[in-house]
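Structure record follows, encoded as C-alpha coordinates.
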Amino acid sequence: MNTCILQLNSPLSQSCFLRLPLQKKQNNLLLFPRLRRLCAADTVVAGEQEEPPSIDFAFVSPRLLPDGTPDIQIRSATGGKRLRDIMLDAYIDLYGPYDAPLSNCAGFGTCGTCLVEVVEGTDLLSPRTDKEKEILKKKPKTWRLACQTTVGDKDSRGEVVIQRLPEWKVIEWE
Amino acid sequence: MASHSLFSLHLPKPSPLHLLRASSATTVQSPSQSLEEKFGRKGIKFSESGDVPTVELSVRNRSSLRLQIADGIVTSYRPKVYWKDDGFEEVLYTIGDGDSSVKGGLGLVLKGVSPDGSAWSASKWSVKDADSDSIDAVQVELSCANVDESLDITYVVSLYPLSMATAVIVQNNGTESVKLTSGMLGHIRFKSQEGSAIQGLRGCSYCSHPPLDSSFGLLSSCDEMEPDPPSWLSFLGSSSQENVSTEIYEPEAWKVEDNLYTILKQKLSRVYAAPPSERMKRIYNTSPSKYQTIDQGSGLGFRVIRMGYEDIYIGSPGSCSQKYGKDYFICTGSASMLVPEVLEPGGQWRAAQVIEHDNL
(Lines give C-alpha, C1' and ligand atoms only; values in the text may rest on other atoms or scores of the structure.)
Protein backbone atom coordinates (compact mmCIF):
# COMPACT_ATOMS: atom_id res chain seq x y z
CA MET A 1 0.00 0.00 0.00
CA ASN A 2 2.84 2.36 0.53
CA THR A 3 4.34 1.29 -2.76
CA CYS A 4 1.61 3.21 -4.57
CA ILE A 5 3.54 6.38 -3.84
CA LEU A 6 6.51 4.99 -5.66
CA GLN A 7 4.76 4.28 -8.95
CA LEU A 8 6.36 6.31 -11.67
CA ASN A 9 3.48 6.99 -13.99
CA SER A 10 0.03 5.71 -14.81
CA PRO A 11 -0.44 1.99 -14.25
CA LEU A 12 1.25 -0.14 -16.83
CA SER A 13 -1.12 -1.48 -19.40
CA GLN A 14 1.13 -2.93 -21.97
CA SER A 15 1.02 -5.65 -24.48
CA CYS A 16 3.58 -8.38 -24.19
CA PHE A 17 6.45 -6.52 -22.65
CA LEU A 18 8.96 -8.59 -24.53
CA ARG A 19 8.04 -6.54 -27.55
CA LEU A 20 8.68 -3.19 -25.85
CA PRO A 21 10.26 -1.00 -28.49
CA LEU A 22 13.90 -0.36 -27.82
CA GLN A 23 13.46 3.36 -27.30
CA LYS A 24 11.55 2.57 -24.16
CA LYS A 25 14.84 1.55 -22.63
CA GLN A 26 15.17 4.94 -20.99
CA ASN A 27 11.98 4.49 -19.05
CA ASN A 28 12.53 0.88 -18.25
CA LEU A 29 16.24 0.94 -17.69
CA LEU A 30 15.96 -1.81 -15.22
CA LEU A 31 14.65 -4.34 -17.71
CA PHE A 32 17.60 -6.51 -18.41
CA PRO A 33 19.30 -5.98 -21.74
CA ARG A 34 18.99 -9.74 -22.03
CA LEU A 35 15.27 -9.42 -22.50
CA ARG A 36 16.02 -7.57 -25.72
CA ARG A 37 18.35 -10.38 -26.64
CA LEU A 38 15.52 -12.80 -25.97
CA CYS A 39 13.50 -10.95 -28.60
CA ALA A 40 16.41 -11.06 -30.96
CA ALA A 41 16.71 -14.79 -30.36
CA ASP A 42 13.81 -15.31 -32.71
CA THR A 43 15.83 -13.97 -35.56
CA VAL A 44 19.24 -15.34 -34.63
CA VAL A 45 19.26 -18.96 -35.68
CA ALA A 46 22.94 -19.65 -36.02
CA GLY A 47 23.71 -19.42 -32.30
CA GLU A 48 21.03 -21.88 -31.31
CA GLN A 49 22.48 -24.78 -33.22
CA GLU A 50 25.47 -25.03 -30.89
CA GLU A 51 23.56 -25.18 -27.63
CA PRO A 52 21.62 -28.21 -26.51
CA PRO A 53 17.87 -27.63 -26.89
CA SER A 54 16.28 -25.77 -24.01
CA ILE A 55 13.35 -23.51 -23.43
CA ASP A 56 13.70 -19.97 -22.07
CA PHE A 57 11.31 -18.99 -19.31
CA ALA A 58 10.44 -15.58 -17.94
CA PHE A 59 8.38 -15.61 -14.75
CA VAL A 60 6.67 -12.34 -13.94
CA SER A 61 5.77 -11.57 -10.37
CA PRO A 62 2.26 -10.23 -9.68
CA ARG A 63 3.64 -7.16 -7.86
CA LEU A 64 5.81 -4.58 -9.52
CA LEU A 65 9.12 -3.49 -8.07
CA PRO A 66 8.91 -0.24 -6.09
CA ASP A 67 10.00 1.83 -9.06
CA GLY A 68 7.23 0.58 -11.30
CA THR A 69 9.13 -1.91 -13.42
CA PRO A 70 8.04 -5.55 -13.61
CA ASP A 71 9.79 -8.10 -11.43
CA ILE A 72 10.96 -10.82 -13.80
CA GLN A 73 12.97 -13.95 -13.16
CA ILE A 74 14.59 -15.70 -16.09
CA ARG A 75 15.30 -19.40 -16.19
CA SER A 76 16.30 -21.94 -18.76
CA ALA A 77 15.17 -25.55 -18.70
CA THR A 78 14.84 -28.52 -20.97
CA GLY A 79 11.35 -29.35 -22.13
CA GLY A 80 9.32 -32.44 -21.54
CA LYS A 81 8.54 -31.70 -17.90
CA ARG A 82 5.52 -30.29 -16.19
CA LEU A 83 5.53 -26.58 -15.59
CA ARG A 84 5.11 -27.10 -11.85
CA ASP A 85 8.26 -29.23 -11.69
CA ILE A 86 10.23 -26.71 -13.71
CA MET A 87 9.16 -23.87 -11.41
CA LEU A 88 9.79 -25.72 -8.17
CA ASP A 89 13.20 -26.95 -9.30
CA ALA A 90 14.14 -23.42 -10.19
CA TYR A 91 12.96 -22.14 -6.78
CA ILE A 92 10.31 -19.91 -8.30
CA ASP A 93 7.39 -19.07 -6.07
CA LEU A 94 4.48 -20.90 -7.68
CA TYR A 95 1.96 -21.30 -4.90
CA GLY A 96 2.24 -17.93 -3.19
CA PRO A 97 0.21 -18.05 0.02
CA TYR A 98 -0.60 -21.71 -0.54
CA ASP A 99 2.98 -22.84 -0.24
CA ALA A 100 2.61 -24.44 3.19
CA PRO A 101 2.82 -28.24 3.46
CA LEU A 102 -0.86 -29.20 3.31
CA SER A 103 -2.25 -26.13 1.59
CA ASN A 104 -2.02 -27.51 -1.92
CA CYS A 105 -2.53 -30.88 -3.53
CA ALA A 106 1.15 -31.15 -4.58
CA GLY A 107 0.53 -31.76 -8.23
CA PHE A 108 -2.60 -33.90 -8.19
CA GLY A 109 -4.71 -31.43 -10.13
CA THR A 110 -7.54 -30.98 -7.67
CA CYS A 111 -6.88 -27.87 -5.60
CA GLY A 112 -6.47 -25.21 -8.28
CA THR A 113 -3.84 -23.21 -6.38
CA CYS A 114 -1.01 -23.54 -8.91
CA LEU A 115 -2.69 -21.07 -11.29
CA VAL A 116 -0.51 -19.36 -13.84
CA GLU A 117 -1.30 -17.20 -16.80
CA VAL A 118 0.48 -17.97 -20.04
CA VAL A 119 1.49 -14.77 -21.79
CA GLU A 120 3.76 -16.19 -24.49
CA GLY A 121 4.53 -19.67 -25.63
CA THR A 122 1.10 -21.27 -25.60
CA ASP A 123 2.09 -23.33 -28.62
CA LEU A 124 4.79 -25.06 -26.60
CA LEU A 125 2.37 -26.16 -23.89
CA SER A 126 0.12 -29.17 -23.92
CA PRO A 127 -3.59 -28.35 -24.25
CA ARG A 128 -5.88 -28.09 -21.24
CA THR A 129 -6.68 -31.41 -19.63
CA ASP A 130 -10.16 -32.33 -18.52
CA LYS A 131 -9.26 -31.69 -14.89
CA GLU A 132 -8.13 -28.18 -15.86
CA LYS A 133 -11.23 -27.50 -17.90
CA GLU A 134 -13.33 -28.40 -14.91
CA ILE A 135 -11.44 -26.30 -12.39
CA LEU A 136 -10.79 -23.35 -14.71
CA LYS A 137 -14.25 -23.15 -16.19
CA LYS A 138 -14.85 -19.56 -15.13
CA LYS A 139 -11.27 -18.36 -15.66
CA PRO A 140 -9.76 -16.72 -18.76
CA LYS A 141 -8.53 -19.03 -21.47
CA THR A 142 -4.89 -18.16 -20.91
CA TRP A 143 -4.89 -19.40 -17.34
CA ARG A 144 -3.48 -22.86 -16.72
CA LEU A 145 -2.75 -25.18 -13.84
CA ALA A 146 1.01 -25.56 -13.67
CA CYS A 147 0.79 -29.12 -12.36
CA GLN A 148 -1.23 -30.27 -15.38
CA THR A 149 0.70 -28.49 -18.10
CA THR A 150 3.59 -30.12 -19.89
CA VAL A 151 6.06 -27.82 -21.61
CA GLY A 152 7.26 -29.13 -24.94
CA ASP A 153 9.47 -32.16 -25.22
CA LYS A 154 13.17 -32.88 -24.88
CA ASP A 155 14.08 -31.19 -28.14
CA SER A 156 11.97 -28.08 -28.00
CA ARG A 157 13.31 -24.61 -28.19
CA GLY A 158 11.39 -21.45 -27.62
CA GLU A 159 10.28 -18.82 -25.12
CA VAL A 160 7.61 -19.04 -22.52
CA VAL A 161 6.45 -16.04 -20.48
CA ILE A 162 4.42 -16.91 -17.41
CA GLN A 163 2.55 -14.55 -15.13
CA ARG A 164 2.66 -15.96 -11.61
CA LEU A 165 -0.31 -15.68 -9.26
CA PRO A 166 -2.59 -14.12 -11.89
CA GLU A 167 -5.31 -13.43 -9.36
CA TRP A 168 -3.08 -10.80 -7.81
CA LYS A 169 -1.47 -9.43 -10.92
CA VAL A 170 -1.10 -5.76 -11.71
CA ILE A 171 -0.01 -5.82 -15.36
CA GLU A 172 -2.75 -6.34 -17.93
CA TRP A 173 -1.50 -8.52 -20.75
CA GLU A 174 -3.04 -8.18 -24.14
CA MET B 1 13.44 18.25 -9.04
CA ALA B 2 10.66 15.75 -9.58
CA SER B 3 12.19 14.70 -12.85
CA HIS B 4 15.40 13.69 -11.14
CA SER B 5 13.85 11.57 -8.45
CA LEU B 6 13.49 7.92 -9.18
CA PHE B 7 10.41 7.90 -7.02
CA SER B 8 8.67 11.03 -8.12
CA LEU B 9 5.99 12.25 -5.83
CA HIS B 10 4.06 14.34 -8.39
CA LEU B 11 3.58 17.22 -6.02
CA PRO B 12 3.43 20.90 -6.69
CA LYS B 13 6.35 22.47 -4.91
CA PRO B 14 4.99 24.26 -1.83
CA SER B 15 6.25 27.77 -1.30
CA PRO B 16 8.49 27.73 1.74
CA LEU B 17 7.63 29.93 4.67
CA HIS B 18 10.71 31.96 5.32
CA LEU B 19 11.21 32.97 8.87
CA LEU B 20 12.28 36.56 8.69
CA ARG B 21 15.24 37.14 10.86
CA ALA B 22 15.52 40.32 12.80
CA SER B 23 19.25 39.89 13.11
CA SER B 24 21.70 42.48 11.96
CA ALA B 25 23.75 42.08 8.84
CA THR B 26 26.82 40.98 10.77
CA THR B 27 25.27 37.79 12.13
CA VAL B 28 26.49 34.71 10.30
CA GLN B 29 24.06 31.86 9.83
CA SER B 30 25.32 28.39 10.51
CA PRO B 31 25.27 26.18 7.43
CA SER B 32 22.46 24.05 8.76
CA GLN B 33 20.31 27.07 9.41
CA SER B 34 20.70 28.18 5.84
CA LEU B 35 19.88 24.66 4.64
CA GLU B 36 16.86 24.62 6.89
CA GLU B 37 15.58 27.83 5.40
CA LYS B 38 16.17 26.73 1.88
CA PHE B 39 15.11 23.10 2.02
CA GLY B 40 13.36 22.57 5.29
CA ARG B 41 9.86 21.16 5.12
CA LYS B 42 7.47 19.36 7.35
CA GLY B 43 9.27 16.13 8.11
CA ILE B 44 12.68 17.34 6.95
CA LYS B 45 14.87 19.00 9.50
CA PHE B 46 18.44 20.11 9.03
CA SER B 47 20.64 20.38 12.06
CA GLU B 48 24.13 19.81 13.25
CA SER B 49 25.14 16.90 15.38
CA GLY B 50 28.52 17.72 16.76
CA ASP B 51 30.14 19.48 13.87
CA VAL B 52 28.55 17.47 11.16
CA PRO B 53 25.53 18.72 9.23
CA THR B 54 22.80 16.11 9.30
CA VAL B 55 19.24 15.95 8.12
CA GLU B 56 16.48 14.12 9.91
CA LEU B 57 13.53 12.80 7.94
CA SER B 58 10.35 11.78 9.68
CA VAL B 59 6.87 10.73 8.62
CA ARG B 60 3.53 10.77 10.32
CA ASN B 61 3.86 7.45 12.08
CA ARG B 62 7.05 8.88 13.61
CA SER B 63 9.44 6.58 11.79
CA SER B 64 12.63 8.52 11.30
CA LEU B 65 15.85 8.46 9.37
CA ARG B 66 19.02 10.41 10.00
CA LEU B 67 21.45 11.17 7.23
CA GLN B 68 24.86 12.79 7.43
CA ILE B 69 25.08 15.15 4.51
CA ALA B 70 28.77 15.45 3.80
CA ASP B 71 29.54 11.77 3.40
CA GLY B 72 26.04 10.57 2.57
CA ILE B 73 25.83 7.96 5.32
CA VAL B 74 22.46 7.10 6.81
CA THR B 75 23.36 6.81 10.47
CA SER B 76 20.00 5.86 11.84
CA TYR B 77 16.77 4.34 10.55
CA ARG B 78 14.08 3.84 13.14
CA PRO B 79 10.82 2.62 11.65
CA LYS B 80 7.72 1.82 13.63
CA VAL B 81 7.77 -1.96 13.98
CA TYR B 82 5.44 -2.58 16.92
CA TRP B 83 1.92 -1.30 17.41
CA LYS B 84 2.64 -0.02 20.90
CA ASP B 85 3.31 3.66 21.44
CA ASP B 86 7.04 3.59 21.48
CA GLY B 87 7.44 0.75 19.04
CA PHE B 88 10.50 1.92 17.14
CA GLU B 89 13.57 -0.20 16.57
CA GLU B 90 16.86 0.94 15.20
CA VAL B 91 17.62 -1.05 12.08
CA LEU B 92 21.12 0.12 11.31
CA TYR B 93 24.29 -0.50 13.26
CA THR B 94 26.51 2.52 13.66
CA ILE B 95 29.54 3.22 15.80
CA GLY B 96 31.09 6.55 16.54
CA ASP B 97 29.07 9.48 17.54
CA GLY B 98 28.14 12.32 15.33
CA ASP B 99 31.66 13.30 14.52
CA SER B 100 33.60 12.54 11.42
CA SER B 101 34.53 9.06 12.52
CA VAL B 102 31.09 7.50 12.15
CA LYS B 103 31.23 4.03 10.71
CA GLY B 104 28.54 1.54 9.89
CA GLY B 105 25.08 2.68 8.92
CA LEU B 106 24.04 2.57 5.30
CA GLY B 107 25.96 4.30 2.60
CA LEU B 108 26.50 4.52 -1.09
CA VAL B 109 29.78 3.39 -2.54
CA LEU B 110 30.33 4.71 -6.01
CA LYS B 111 33.69 4.39 -7.67
CA GLY B 112 34.67 4.93 -11.19
CA VAL B 113 37.56 4.64 -13.53
CA SER B 114 37.93 7.35 -16.11
CA PRO B 115 39.27 6.40 -19.50
CA ASP B 116 42.64 7.89 -18.62
CA GLY B 117 42.92 5.38 -15.82
CA SER B 118 42.41 7.67 -12.87
CA ALA B 119 40.18 6.35 -10.14
CA TRP B 120 37.71 8.46 -8.23
CA SER B 121 34.98 7.82 -5.74
CA ALA B 122 31.94 9.85 -4.81
CA SER B 123 32.61 11.33 -1.42
CA LYS B 124 31.55 14.92 -0.91
CA TRP B 125 27.83 15.36 -1.00
CA SER B 126 25.71 18.48 -0.78
CA VAL B 127 21.97 18.96 -0.62
CA LYS B 128 20.35 19.60 -3.97
CA ASP B 129 16.66 19.34 -3.20
CA ALA B 130 14.10 18.14 -0.72
CA ASP B 131 10.51 17.10 -1.16
CA SER B 132 7.73 15.95 1.08
CA ASP B 133 4.03 15.42 1.00
CA SER B 134 4.05 16.17 4.71
CA ILE B 135 2.28 12.98 5.63
CA ASP B 136 3.73 9.80 4.34
CA ALA B 137 6.68 10.46 2.07
CA VAL B 138 9.75 12.60 2.46
CA GLN B 139 12.78 12.74 0.26
CA VAL B 140 16.16 14.43 0.17
CA GLU B 141 18.40 14.65 -2.87
CA LEU B 142 22.13 14.96 -2.50
CA SER B 143 24.44 15.61 -5.34
CA CYS B 144 28.09 15.19 -6.02
CA ALA B 145 30.35 15.63 -8.99
CA ASN B 146 33.54 13.86 -9.90
CA VAL B 147 36.90 15.50 -10.41
CA ASP B 148 36.46 16.88 -13.90
CA GLU B 149 32.74 17.56 -13.55
CA SER B 150 31.82 15.21 -16.35
CA LEU B 151 29.49 13.13 -14.19
CA ASP B 152 26.38 14.34 -12.46
CA ILE B 153 25.66 12.11 -9.51
CA THR B 154 22.41 12.34 -7.57
CA TYR B 155 21.69 10.32 -4.46
CA VAL B 156 18.08 10.31 -3.34
CA VAL B 157 17.13 9.12 0.12
CA SER B 158 13.42 8.69 0.79
CA LEU B 159 11.44 7.69 3.82
CA TYR B 160 7.98 6.11 3.84
CA PRO B 161 5.92 4.75 6.72
CA LEU B 162 7.05 1.15 6.25
CA SER B 163 10.17 1.48 4.15
CA MET B 164 13.12 3.56 3.16
CA ALA B 165 14.58 3.87 -0.29
CA THR B 166 17.97 4.94 -1.60
CA ALA B 167 18.53 5.60 -5.26
CA VAL B 168 21.46 6.77 -7.31
CA ILE B 169 21.33 8.40 -10.72
CA VAL B 170 24.53 9.00 -12.65
CA GLN B 171 24.43 11.16 -15.73
CA ASN B 172 27.45 11.17 -18.01
CA ASN B 173 27.81 14.65 -19.44
CA GLY B 174 31.34 14.10 -20.59
CA THR B 175 32.68 12.88 -23.87
CA GLU B 176 34.14 9.57 -22.77
CA SER B 177 32.62 6.46 -21.33
CA VAL B 178 33.14 5.67 -17.69
CA LYS B 179 33.21 2.39 -15.77
CA LEU B 180 31.29 2.42 -12.50
CA THR B 181 31.41 0.09 -9.55
CA SER B 182 28.76 0.79 -7.01
CA GLY B 183 26.95 -0.60 -4.04
CA MET B 184 24.51 0.40 -1.33
CA LEU B 185 25.87 -1.38 1.69
CA GLY B 186 24.03 -1.25 4.97
CA HIS B 187 24.94 -2.61 8.37
CA ILE B 188 21.82 -4.21 9.78
CA ARG B 189 21.58 -4.74 13.50
CA PHE B 190 20.64 -8.11 14.97
CA LYS B 191 19.83 -8.96 18.54
CA SER B 192 21.47 -12.34 18.51
CA GLN B 193 24.35 -13.87 16.63
CA GLU B 194 22.85 -17.34 16.77
CA GLY B 195 19.50 -16.52 15.29
CA SER B 196 20.46 -14.36 12.35
CA ALA B 197 19.77 -15.54 8.84
CA ILE B 198 18.71 -14.46 5.41
CA GLN B 199 15.90 -16.04 3.48
CA GLY B 200 15.19 -15.90 -0.20
CA LEU B 201 18.50 -16.72 -1.83
CA ARG B 202 17.95 -20.40 -2.47
CA GLY B 203 19.03 -21.41 -5.92
CA CYS B 204 21.25 -18.37 -6.40
CA SER B 205 24.95 -18.76 -7.19
CA TYR B 206 27.47 -17.14 -4.93
CA CYS B 207 31.19 -16.75 -4.49
CA SER B 208 33.42 -15.48 -1.73
CA HIS B 209 34.35 -11.92 -2.24
CA PRO B 210 35.53 -9.10 -0.02
CA PRO B 211 33.22 -6.14 0.42
CA LEU B 212 33.60 -2.94 -1.54
CA ASP B 213 36.11 -0.62 0.04
CA SER B 214 34.36 2.21 1.74
CA SER B 215 34.88 4.87 4.34
CA PHE B 216 32.13 3.52 6.56
CA GLY B 217 32.56 -0.24 6.22
CA LEU B 218 33.08 -2.28 9.36
CA LEU B 219 33.89 -5.66 7.86
CA SER B 220 37.18 -4.92 6.18
CA SER B 221 38.95 -4.58 9.48
CA CYS B 222 37.74 -8.01 10.50
CA ASP B 223 40.11 -9.86 8.25
CA GLU B 224 43.10 -9.69 10.52
CA MET B 225 41.22 -11.22 13.38
CA GLU B 226 41.79 -14.82 14.28
CA PRO B 227 39.42 -17.19 12.57
CA ASP B 228 36.32 -18.18 14.47
CA PRO B 229 36.82 -21.26 16.60
CA PRO B 230 35.22 -24.09 14.67
CA SER B 231 31.74 -24.91 15.82
CA TRP B 232 31.22 -28.20 17.60
CA LEU B 233 29.45 -29.57 14.56
CA SER B 234 32.72 -29.76 12.70
CA PHE B 235 34.05 -32.21 15.23
CA LEU B 236 31.36 -34.67 14.28
CA GLY B 237 33.50 -35.48 11.31
CA SER B 238 31.55 -33.84 8.55
CA SER B 239 33.74 -33.86 5.54
CA SER B 240 32.53 -30.72 3.88
CA GLN B 241 34.91 -27.83 3.89
CA GLU B 242 32.19 -25.35 4.69
CA ASN B 243 32.69 -25.78 8.41
CA VAL B 244 36.10 -24.21 8.19
CA SER B 245 35.49 -20.76 9.47
CA THR B 246 37.49 -18.37 7.37
CA GLU B 247 36.53 -18.38 3.76
CA ILE B 248 39.39 -17.90 1.43
CA TYR B 249 38.43 -15.46 -1.26
CA GLU B 250 38.20 -17.47 -4.43
CA PRO B 251 36.31 -15.44 -6.95
CA GLU B 252 36.34 -18.31 -9.41
CA ALA B 253 34.75 -20.85 -7.09
CA TRP B 254 31.03 -20.46 -7.57
CA LYS B 255 28.57 -22.51 -5.56
CA VAL B 256 24.79 -22.57 -5.52
CA GLU B 257 22.90 -21.83 -2.33
CA ASP B 258 20.97 -24.96 -1.39
CA ASN B 259 19.55 -23.87 1.90
CA LEU B 260 16.30 -22.07 2.48
CA TYR B 261 18.06 -19.90 5.06
CA THR B 262 21.59 -18.53 4.83
CA ILE B 263 22.83 -18.66 8.41
CA LEU B 264 24.93 -15.68 9.37
CA LYS B 265 26.47 -16.88 12.55
CA GLN B 266 29.98 -17.49 11.27
CA LYS B 267 32.22 -15.10 9.46
CA LEU B 268 31.48 -14.93 5.79
CA SER B 269 31.66 -12.53 2.91
CA ARG B 270 29.81 -13.49 -0.22
CA VAL B 271 28.41 -12.03 -3.36
CA TYR B 272 25.20 -13.61 -4.62
CA ALA B 273 24.85 -13.04 -8.33
CA ALA B 274 24.84 -14.68 -11.68
CA PRO B 275 28.49 -15.49 -12.43
CA PRO B 276 30.01 -13.03 -14.92
CA SER B 277 30.85 -15.89 -17.25
CA GLU B 278 27.17 -16.84 -17.31
CA ARG B 279 26.13 -13.29 -18.11
CA MET B 280 27.90 -13.50 -21.43
CA LYS B 281 25.62 -16.28 -22.54
CA ARG B 282 22.40 -15.77 -24.39
CA ILE B 283 20.34 -16.67 -21.38
CA TYR B 284 21.20 -17.16 -17.74
CA ASN B 285 19.36 -17.53 -14.46
CA THR B 286 18.71 -14.19 -12.81
CA SER B 287 19.42 -13.70 -9.12
CA PRO B 288 16.52 -12.90 -6.80
CA SER B 289 15.34 -9.32 -6.67
CA LYS B 290 14.51 -9.42 -2.98
CA TYR B 291 15.62 -11.18 0.16
CA GLN B 292 14.62 -11.00 3.79
CA THR B 293 16.68 -10.79 6.96
CA ILE B 294 15.46 -12.82 9.89
CA ASP B 295 16.36 -12.06 13.48
CA GLN B 296 15.19 -14.71 15.91
CA GLY B 297 16.22 -12.56 18.86
CA SER B 298 13.87 -9.69 18.17
CA GLY B 299 11.44 -11.44 15.84
CA LEU B 300 11.77 -8.71 13.21
CA GLY B 301 12.50 -9.15 9.55
CA PHE B 302 13.41 -6.64 6.89
CA ARG B 303 13.14 -7.10 3.17
CA VAL B 304 15.74 -5.65 0.84
CA ILE B 305 14.71 -5.09 -2.76
CA ARG B 306 17.30 -4.36 -5.40
CA MET B 307 16.67 -2.56 -8.67
CA GLY B 308 19.28 -1.80 -11.25
CA TYR B 309 22.04 -3.59 -9.40
CA GLU B 310 23.27 -7.01 -10.44
CA ASP B 311 24.75 -8.49 -7.27
CA ILE B 312 23.79 -8.94 -3.65
CA TYR B 313 26.55 -8.64 -1.09
CA ILE B 314 26.24 -10.41 2.27
CA GLY B 315 28.95 -10.25 4.88
CA SER B 316 28.84 -11.24 8.49
CA PRO B 317 31.58 -10.66 11.03
CA GLY B 318 31.13 -13.77 13.16
CA SER B 319 32.75 -13.33 16.52
CA CYS B 320 34.57 -10.26 15.24
CA SER B 321 31.44 -8.27 16.05
CA GLN B 322 32.42 -8.32 19.72
CA LYS B 323 35.22 -5.94 18.88
CA TYR B 324 32.63 -3.27 18.18
CA GLY B 325 29.96 -3.77 20.77
CA LYS B 326 27.32 -5.96 22.25
CA ASP B 327 24.95 -6.22 19.33
CA TYR B 328 25.48 -8.35 16.30
CA PHE B 329 25.39 -6.90 12.81
CA ILE B 330 25.86 -7.89 9.21
CA CYS B 331 26.77 -5.88 6.19
CA THR B 332 24.47 -6.40 3.27
CA GLY B 333 23.16 -4.62 0.25
CA SER B 334 22.82 -4.48 -3.48
CA ALA B 335 25.87 -3.80 -5.56
CA SER B 336 27.34 -4.01 -9.01
CA MET B 337 30.76 -5.07 -7.93
CA LEU B 338 31.83 -8.02 -10.01
CA VAL B 339 31.37 -6.47 -13.41
CA PRO B 340 31.60 -2.70 -13.71
CA GLU B 341 28.77 -0.86 -15.40
CA VAL B 342 29.81 1.03 -18.50
CA LEU B 343 28.21 4.42 -18.90
CA GLU B 344 28.45 5.92 -22.36
CA PRO B 345 28.66 9.67 -22.90
CA GLY B 346 25.20 11.17 -22.66
CA GLY B 347 23.88 8.08 -20.95
CA GLN B 348 22.24 7.73 -17.59
CA TRP B 349 22.48 4.89 -15.10
CA ARG B 350 20.00 4.41 -12.30
CA ALA B 351 19.86 1.96 -9.48
CA ALA B 352 17.96 1.77 -6.24
CA GLN B 353 17.43 -0.25 -3.12
CA VAL B 354 14.42 -0.35 -0.84
CA ILE B 355 14.43 -1.67 2.70
CA GLU B 356 10.90 -2.41 3.81
CA HIS B 357 9.26 -4.38 6.53
CA ASP B 358 5.89 -5.86 7.32
CA ASN B 359 6.41 -6.51 10.98
CA LEU B 360 3.33 -4.53 11.86
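Chain letters run A, B, ... following the sequence lines, proteins first and then strands; every chain starts at 1.
For A:Tyr98, the OH atom counts as loosely surrounded, since its 6.0 Å shell holds 12 or fewer non-hydrogen atoms of other residues, nucleotides or ligands. Around NZ of B:Lys179, the count of heavy atoms belonging to other residues, nucleotides or ligands within 6.0 Å does not exceed 12.
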Q.
Walk me through whether A:Arg75 and B:Ile283 qualify under side-chain contact (heavy atoms from CB on, under 4.5 Å).
A. CA-CA 8 Å; A:Arg75 296 285 185 267; B:Ile283 188 162; over 6 Å; no
Q.
Let's go through B:Arg350 and A:Asp67 carefully: what are the C-alpha distance in whole Å and the side-chain angles of both, what is the deciding distance for salt bridge (charged side-chain N to carboxylate O under 4.0 Å, His left out) to 0.1 Å, and is it a yes or a no?
A. CA-CA 11 Å; B:Arg350 298 172 161 214; A:Asp67 64 348; over 6 Å; no
Q: Just do the salt bridge (charged side-chain N to carboxylate O under 4.0 Å, His left out) check on A:Glu51 and B:Lys281 with the steps written out, would you?
A: CA-CA 10 Å; A:Glu51 298 171 5; B:Lys281 298 189 189 168; over 6 Å; no
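In this structure, NZ on B:Lys290 lies 6.0 Å from CG on A:Leu65, to the nearest 0.5 angstrom. Atom CG of B:Asn285 is separated from atom CD1 of A:Ile74 by 9.5 Å, given to the nearest 0.5 angstrom. A distance of 5.5 Å separates CD of A:Gln73 from OG1 of B:Thr286, quoted to the nearest 0.5 Å.
Every residue was checked against the salt bridge (charged side-chain N to carboxylate O under 4.0 Å, His left out) condition with A:Lys81, not counting sequence neighbours, and none meets it.
Residues in residues 88-117 of chain A take part in these salt bridge (charged side-chain N to carboxylate O under 4.0 Å, His left out) pairs, two or more places apart or across chains: A:Asp93-A:Arg164, A:Glu117-A:Lys169.
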